[in-house]
Amino acid sequence: MERKVVYPQKLLPYLLLAPQIAITLVFFFWPAGQAIWMSTLLQDPLGFSVQFVGLENFEAVLKDPAYVATLQRTFLFSFGVTALAMIPALLLAVMVDRVVRGATAYRTILVVPYAIAPAVAGALWLFLFQPSIGTIAYPLRLFGIDWNPRIDGTDAMIVVVIASAWKQIGYNFLFFLAGLQSIPKSLLEAAAIDGASEVRRFWTIVFPLLSPTTFFLLVINITYAFFDTFGVIHAVTQGGPGKSTEVLIYKAWYDGLIAQDLGRSSAQAVILMVIVIGLTVIQFRYVERRVHY
Amino acid sequence: MTSRVLPSLKPGPHTLIPHLVVAIGIAITAFPLWVAFVASTLSNPEIAQAPMPLLPGNQAVANYGEALVQGGRSGRILTPPVWEMMLNSTVMALTIAVGKIIISILSAYAVVFFRFPFRMAFFWMIFITLMLPVEVRIVPTIQVITNLNMMNSYAGLTIPLIASATATLLFRQFFMTIPDELVEAAQIDGAGPMKFFRDILLPLSVTNIAALFVILFLYGWNQYLWPLLIGTDARMQTIVIGMSKMIDSAGGPTDWNMVMATAILALLPPVIVVVLMQRWFVKGLVETEK
């Protein structure tokens, strides 16, 4: 799509673009290029000699059992966050769609957690789940559940999944509600007159018509779980206990800055880049087809 | 033929279940916030004697005062006073939001309303930044910041985050919908490109700017990895980072009343912005994802 009427100036557009292009080159393209270049180098531990090793860093990373374990953990974490953030959101949206009064007030409250920083969300849930004093941990102990996210990896994972999902429910809710409200009421009325029960109407009409929204949210939530939950993990568990809550982003940060293994950390960064590119391409290709509403 | 009753399509007693489910949803949403608020008004011994009371205590003034003026305990040292960290967060959030809006509205204007060599190449350069978040280029970015002497400065905290594709894409999309007749009329009246931008395009963009502002303010205020990397000096800490440092991750003693008071202070500004500017916030969410 192009405009027909434009301004003829030749120099002005470059001046207008200059600030953004300058920042993009210095802080995006240069470091990204460096990351790709460094991923092909092997540095000796003291940093005296550097050697070009091609794809060996990638081979080393992908064959490393610790990396594979982190990859699997990241999938588990992302699946948990996505499911826990989307299913309750859909349920709430279906319910709010049916009430006439109070929908706006409900929306306001449900969307509040979206405004909260991931690390703060993590701190709130960590406090509820603190072994000896937490408001949720206390009754768990009364029921005889030996709960301690500081020691038990599964408990720690549960806390970071809940905190990450809690933050995202309001966002999903907004999009599901918008999707539901765009479904023509006449369709539902026709099905009701034909005698379709409420549950049947949901699965045969509402849910299929919502599928573009659902797919879109799936991509957004997976991206969120992969890349935006660093704050939750860093503030709540620091990847621990052991490595039980270490996800890909956390490992790339840890290996690069704490363990200072530049080659392997860069290889991890490049793998992450490929994942982002994949998710972005899916999102944009799909958006073109979403135009009908 | 008898007409059937279609209760579920009409409001009536049937809406009881929806209200109930939504009430439970809201309770779950609000519960952590309520507990955090209550904890921020209690003394530490009151929190430690489980179960913690679920009604506010009388330590609110003492706790918030101590956090704001003195800071909280982080291991053996104190964090900077929370008001200083809030100031850092405010500077960061506002600079990022305003800076992003300015540079992206200018570049969208250039790309849409002019024809010049490499126009699409520039557009793609901006678009590709979507695929290069900080998280995937941590180490080399720090090297660049160090070389430019921007560690522990407001410039380092904000300028690198000011470029992004989302805002440019949004403005570009909006500018495409401006009718050609409007531009022609302006040109016939002798309006040059900057006058057209200032007197026509900018006023038309106000709602888009407001929507973006809400989204970008949240983005800037809630940053974590970036200030963690760039603001290593205590006096450059943001409130979100400061709060997380008050939690002893080794499992040692944590002053939970201080942590929760700081958490409340850290979440209040973005929550207030979202609630007050809700209409623009929803618009911003929907538009930036298109």
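What you see is a predicted model, and the numbers here were worked out from it, not measured in a lab. To find a chain, count down the sequence lines: A is the first, B the second, and so on, and within it residues start at 1.
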Taking the side chain as C-beta and beyond, is there a heavy-atom pair between Gln143(B) and Trp30(A) under 4.5 Å?
no

Could you tell me whether the side chains of Gln20(A) and Ser104(B) share a donor-acceptor contact shorter than 3.5 Å?
no

Locate the shortest heavy-atom distance separating Ile162(B) from Ile23(A); write the atom from each residue and the value.
CG2-CD1, 4.1 Å

Heavy-atom distance under 4.5 Å to chain B: side chain of Val26(A), backbone, both or neither?
both

Which bit of Gln130(A) comes within less than 4.5 Å of chain B, counting heavy atoms only: side chain, backbone, both or neither?
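Contact with chain B: side chain only.
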
Run the side-chain hydrogen bond (donor to acceptor under 3.5 Å, both in side chains) check on Gln278(B) and Thr108(A) step by step: do they pass?
CA-CA 8 Å; Gln278(B) 200 179 148; Thr108(A) 308; 2.9 Å; yes

Using a 3.5 Å distance criterion without hydrogens, assess whether the side chain of [X] forms a donor-acceptor pair with backbone atoms of [Y].
| X | Y | value |
| --- | --- | --- |
| Arg137(B) | Ser266(A) | no |
| Lys10(A) | Arg115(B) | yes |
| Asn222(B) | Pro118(A) | no |
| Gln34(A) | Val139(B) | no |

If you count heavy-atom pairs under 4.5 Å between each of [options] and chain B, which one has the most?
| options | value |
| --- | --- |
| Pro8(A), Pro88(A), Ala119(A), Pro19(A) | Ala119(A) |
| Gly231(A), Ala252(A), Pro241(A), Ala121(A) | Gly231(A) |
| Ala269(A), Pro13(A), Gly256(A) | Pro13(A) |

Answer with side chain, backbone, both or neither: which region of Phe175(B) has an atom nearer than 4.5 Å to a non-hydrogen atom of chain A?
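Just its backbone gets close to chain A.
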
Side chain, backbone, both or neither: which part of Val144(B) has a non-hydrogen atom closer than 4.5 Å to chain A?
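Only the side chain of Val144(B) comes within 4.5 Å of chain A.
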
Heavy atoms of other groups near Tyr254(A) OH, more than 12 under 6.0 Å:
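Check fails, neighbour count at 12 or below.
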
Return the set of residues passing ring pair (Phe, Tyr, Trp, His ring centres under 6.0 Å) with Tyr109(B) (not counting sequence neighbours), or none when no residue passes.
Phe113(B), Phe114(B), Phe197(B)

For the pair Phe127(A) and Trp256(B), name the ring-plane relationship: parallel under 30°, tilted 30 to 60°, perpendicular over 60°.
tilted

